[in-house]
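Read the structure below first, then the notes.
A, B, ... follow the sequence lines: proteins, then strands. Residue 1 opens every chain.
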Amino acid sequence: MSGTPRQILGDRLRDALKAAGFDPVRGDVSASADMRFGDYQSNAAMVLAKEKKSNPRQIAADILSRLDVRGISAAPEVAGAGFLNFRLESEFLDSALGALAADPRLGVATAKIPQKILLDFSSPNVAKPMHVGHIRSTILGDCLARIARFLGHEVITDNHIGDWGTQFGKVIYGWKHFLDREALARDAIAELVRLYREVNRMEETDEVVRRVAREELVKLQAGDAENLAIWKETVELSWREFEKLYGLLDIRFDERLGESAYNDALAPLCEELQRRGIARESEGALCIFYPGIPALAEKPAIIRKSDGGFLYATTDLATIEYRLKHWRPDAIWYVVGAPQALHFQQIFAACRMMGIEANLVHIAFGSILGEDRKIMKTRSGENVGLAEVLHEAVDRARKMIAARQEGLTPEALESIAETIGIGAVKYAELSQNRHTDYVFSWEKLLALDGNTAPYLQNAYVRIRSIFRRGEVGADPGAAIRISVPAERLLAIKLLQYAETVPVVLEDFRPNILANFLYELANTYHSFYEACPVLKAEPEVRASRLLLSELTARILSHGLSLLGIRCPEKM
RNA sequence: GCACCCGUAGCUCAGUGGAUAGAGCACCGGACUUCUAAUCCGAUGGUCGCUGGUUCGAUCCCAGCCGGGUGCGCCA
């Protein structure tokens, strides 16, 4: 007998439905929201009663008479309008937790059909600092990559950085005329931003600067060696700055193919699309129209400007073509903000017209708003830098720990502070439904109390402390002895990890996992208050040690899927 | 004008057809000679924007409306 309680009960229920002559598709079982209604419940009888226009309680009784859940659940009761309520038996909990303890995957099955997934996220712009607006794509994308890999998918992460664009005319002009090498060495992006802003300001009043900056851009695009070298250096310097933050965030990419990688593909792509009749000229520009799609009927995508220049949409289409040719992925996932929904609708529709069959998904997320409830945008100049947020988070965590833990080496203190501070920032993002817009607040991102990463980490630390203090390990073969409700709740929660992780990818919602881990930590904290571990009688002690050990493993593992680490002390 | 997202406790948010809608923060009352109190236990707090519809059952699905955000032919 293997699988989660939900699977096992579901299988048994489907057997009973089949035997009773009902459609087994209706045989779904879910965890009960309320303990009074058992641990698991099914509303199959009510669904079937609707279809057959008959009495749900009678159907429930029919199902019950054919249902064999011996060894798993007590005989279910029919309740309310026709619910079947299951209550897991102690023997089942014991054997299921034994299996969990022996399973390195903690019960989580791999995907039935492993996919090759190209995952596009983060994508900062060169010569600009990453700000809090980049947080969601970066953290969400990394988390989805971790979870997809754990579930057995092949994932290629690609950071599609903004390394090409009109801003380089200004940056190159500034570089040539008033670059401060020392400042560049100190903080490359700050210096590049200064150059950009300086030139921008000069252009407002100086015709010549505007003209020369534009010429620098044209020279760059034409392959001028000097400008190309400057451009390349700005890209590398920027990347090094980004890597500091990615390092702090514990995030790595397999590929870093920026927009510039597709420059040579843009003109041929446009010609091909025009030749195939997918794109046609309109008012001097080359456009893709969507007459077959009502929502896009009035919204063509421009892929070549009337001056011959290419756009964002062109690069994205060329990027898809390259990715398909190069990696042959089953799916491409874009972790990009909701404001770009229309853009992706257009791009994906164009892909279908081109005959592309890969599963293209825009994993949209809500915007981070400023105090005025307007989207925080780069040009507002009011942006809070991502680096500032991360450093502030680590600072706050460091103060908190220093006040509680004495005798830590500076290195240990720093390591814990990073684990706690960065974890708090990541959790604040991941624990929230991705569609929700929210107003940026330091307090929200840096909170260390309540439903936060430190709360989950604390549960883990308490467990490690038990094992340190008791100088024991858990016996994975120990029998689970349930004597009080807190133990039972914890045991069932542990089994539900396997039911939770795969659901995250159904709609790309890490907050489902975050919420589960919060509930697990909460359940453990209650258990911790109610159930002494080390002082318990030998059999109970062994059982509680095993429950604790499993909790620690799942907390640590679940947090690692969110990209968050666990300290041993805090 | 068209399209997408959102509207749930004082505040911030979970909850995408099931039973009496949940957390955190804030506020109030308890629990540290105890395995880490970054914790636990309890109290207070709701016309789930409004109106209809579908359903045995709707915060959830459908229609309309109100309110907020965002996007929409030559930025990325």
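The distance between atom CD1 of A:Ile347 and atom C1' of B:A76, rounded to the nearest whole Å, is 12 Å. Taking atom CG of A:Leu430 as the reference point, atom P of B:A14 lies 13 Å away to the nearest angstrom. If you take CG of A:Asp507 and P of B:G15, they are 10 Å apart, rounded to a whole angstrom. Rounded to whole Å, atom C1' of B:C35 lies 15 Å from atom CD of A:Glu549. For A:Leu266 and B:A76, the CG to P distance is 10 Å, given to the nearest whole Å. Atom CG in A:Asn515 sits about 10 Å away from atom C1' in B:C13, given to the nearest Å.
Between the side chain of A:Gln41 and the backbone N or O of A:Leu84 there is no donor-acceptor pair closer than 3.5 Å. Side-chain atoms of A:Arg434 come within 3.5 Å of backbone atoms of A:Ala364 as a donor-acceptor pair (strictly under, hydrogens ignored). At distances below 3.5 Å, not a single donor-acceptor pair connects side-chain atoms of A:Tyr518 with backbone N or O atoms of A:Thr452. Remark: side-chain polar atoms of A:His134 are paired, donor with acceptor, to backbone N or O of A:His131 under 3.5 angstrom.
Side-chain nitrogen and oxygen atoms of A:Arg509 include at least one within less than 4.0 Å of the OP1 or OP2 phosphate oxygen of B:G15. In this model, the phosphate group of B:A14 is approached by a side-chain N or O of A:Thr436 to a distance below 4.0 Å at OP1 or OP2. OP1 and OP2 of B:C35 both lie 4.0 Å or more from every side-chain N or O belonging to A:Arg464. Between A:Ser526 and the phosphate of B:C41, there is a side-chain N or O to OP1/OP2 separation shorter than 4.0 Å. Contact annotation: A:Asn511 reaches the phosphate of B:G15 (side-chain N/O to OP1 or OP2, under 4.0 Å). A sub-4.0 Å separation between OP1 or OP2 of B:C25 and a side-chain N or O of A:Tyr455 is absent.
A cation-pi arrangement, defined by a distance under 6.0 Å to the six-membered ring centre and an angle within 45 degrees of its axis, is absent between A:Arg26 and A:Phe22.
Comparing B:C13, B:A3, B:A76 by their closest approach to the side chain of A:Lys444 singles out B:C13. In the set B:A76, B:G24, B:G73, B:A76 carries the atom at the smallest distance from any side-chain atom of A:Leu311. Of all nucleotides listed (B:G71, B:G73, B:A76), B:G73 comes nearest to the side chain of A:Ile302. Across B:C74, B:A3, B:C40, the shortest atom-to-atom separation from the side chain of A:His525 is found for B:C40. Ranking B:G24, B:A14, B:A37 by closeness to the A:Asn451 side chain, first place goes to B:G24. For A:Tyr518, the side-chain atoms get nearest to B:G24 when compared with the rest of B:C74, B:A3, B:G24. Each of B:C35, B:C40, B:G71 was ranked by its minimum atom distance to the side chain of A:Leu342; first place goes to B:G71. Between B:G73, B:A19, B:A76, one nucleotide has an atom nearer to the side chain of A:Gln41 than all others, and that is B:A19. If you check B:G15, B:A19, B:C35 against the side chain of A:Asn433, the one that comes closest is B:G15.
For A:Arg469 against B:U34, a side-chain-to-base donor-acceptor contact under 3.5 Å is absent. Interface remark: the A:Lys299 side chain does form a donor-acceptor pair with the B:C72 base, using a distance-only criterion of under 3.5 Å.
Side chain to side chain, A:Asp163 and A:Ser260 meet the donor-acceptor criterion of an N or O pair below 3.5 Å. Side-chain contact of A:Glu429 with A:Tyr438: a donor-acceptor pair under 3.5 Å is present, judged by distance alone.
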Secondary structure of RNA chain B in dot-bracket form (Watson-Crick or G-U wobble, distances below 3.5 Å, | marking inter-strand pairs) = (((((.(..((((....[...))))..((((.......))))......(((((..]....)))))).)))))....
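Using bins of under 30°, 30° to 60° and over 60° for the plane-to-plane angle, the ring pair A:Trp442/A:Phe440 lands in the perpendicular bin.
Counting only heavy atoms from C-beta outward, the side chains of A:Met353 and A:Ile288 approach each other to under 4.5 Å.
As judged by a 4.0 angstrom heavy-atom cut-off over every strand, A:Asn85 is placed among the base-contacting residues. The residue A:Ala285 sits close to a base: some heavy atom pair falls under 4.0 Å. Across all strands, A:Gln405 comes closer than 4.0 Å to base atoms (heavy-atom distances). Within the 4.0 angstrom heavy-atom criterion, no nucleotide atom of any strand lies near A:Asp34.
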Can you give me the N/O atom pairs linking the protein to nucleotides 61-66 of chain B at distances under 3.5 Å, or say none if there are none?
none

Polar atoms only, N or O, under 3.5 Å: list the protein pairs with nucleotides 54-60 of chain B and their distances.
from  : atom 1 : to      : atom 2 : distance (Å)
B:U55 : O2'    : A:Lys50 : NZ     : 3.1
B:G57 : O6     : A:Lys50 : NZ     : 2.6

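Across A:Phe508 and A:Ile363, no two heavy atoms sit closer than the pair CD2-CD1, 3.5 Å.
Comment: A:Glu392 engages A:Arg396 in a salt bridge, judged by a side-chain N to carboxylate O separation of less than 4.0 angstrom. A:Arg565 and A:Glu418 are not joined by a salt bridge, as no carboxylate oxygen comes within less than 4.0 angstrom of a charged side-chain nitrogen.
For RNA chain B, the neighbouring residues in residues 528-535 of chain A, judged by any heavy atom under 4.0 Å, are A:Tyr528, A:Glu529, A:Cys531, A:Pro532, A:Val533, A:Leu534.
With a 6.0 Å radius and a threshold of 12 heavy atoms from other residues, nucleotides or ligands, A:Glu539 has its CD atom at or below the threshold.
Legend: side-chain hydrogen bond (donor to acceptor under 3.5 Å, both in side chains) pairs involving residues 292-309 of chain A, not counting sequence neighbours, sorted by first then second residue: A:Glu281-A:Arg304.
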Would you list the atom pairs, donor with acceptor, under 3.5 Å between side chains in residues 443-451 of chain A and any protein atom, with sequence neighbours excluded?
from     : atom 1 : to       : atom 2 : distance (Å)
A:Asn451 : OD1    : A:Tyr427 : OH     : 2.6

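Atom C1' of B:C25 sits at a distance of 31 Å from the matching atom of B:G17, rounded to the whole Å.
Proximity of the aromatic rings of A:Phe83 and A:Phe37 is defined here by a centroid distance below 6.0 angstrom, and this criterion is not met.
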